Amino acid sequence: VQKSIFSKIIDGEIPCHKIAENEFAFSFLDVSPATKGHALVVSKLPGPSLHDLSADALAGTMQLVQQVAAQIQRTLHPDGINVLQNNGGAAGQTVFHFHVHIIPRWSGDQALSFWKPLTFDAAELAQLAEQLRIA
Ligand code: AMP
């Protein structure tokens, strides 16, 4: 199987600006950041998406997300931080190796745009939740 670009970074075959690592994950600066300090936390096991991670790998990865977010907060003092994670091309994923974005935000930076909220009636929401509960 072909190694992902993130596996090559973890294995030291491609350079990165490393921030931290733990048993399950590795963190470095995003090369095309949305804001100053935009970091990635990448799972060490190269599952492509959220659906592929074990509970332990996911918990360990999210522990490193929390640690790196704290390091960013202490260092850069942003007004807020977005934690984002894309699964699938339709969701904007471009590197198919599980990773979490940590994006420090400053008031008025307009660095990200979010969704326009839709409206579903209560019966539709009830039916949808029922489908999800039994899935
Ligand atoms: P996603 O769209 O969620 O798959 O995000 C992939 C992210 O990886 C993008 O924000 C890229 O800028 C970032 N990226 C891709 N290659 C590298 C690299 N060699 N070093 C650091 N970040 C990278």
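All values reported here derive from a predicted model rather than from experimental measurement. Numbering of ligands and ligand atoms starts at 1, following listing order.
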Can you list every pair that meets ring pair (Phe, Tyr, Trp, His ring centres under 6.0 Å) and has a residue in residues 100-135, with sequence neighbours left out?
-> His38-His101, His99-His101
Kindly check if the number of other-residue, nucleotide or ligand heavy atoms within 6.0 Å of NZ (Lys3) is above 12?
-> yes
Quick one: does Asn82's side chain get under 4.5 Å of Arg105's, heavy atoms only?
-> yes
Determine whether the aromatic ring centres of Phe96 and Phe6 lie less than 6.0 Å apart.
-> no
So, are Lys44 and Glu23 salt-bridged, with charged N and O less than 4.0 Å apart?
-> no
Distance filter under 4.0 Å, heavy atoms only, around ligand 1 gives Ile5, Phe6, Ile9, Phe28, Leu29, Asp30, Val31, Ser32, Leu40, Asn86, Gly92, Gln93, Thr94, Val95, His99, His101
Note: Leu50 and Phe98 closest approach over all heavy atoms is N-CD1, 3.5 Å
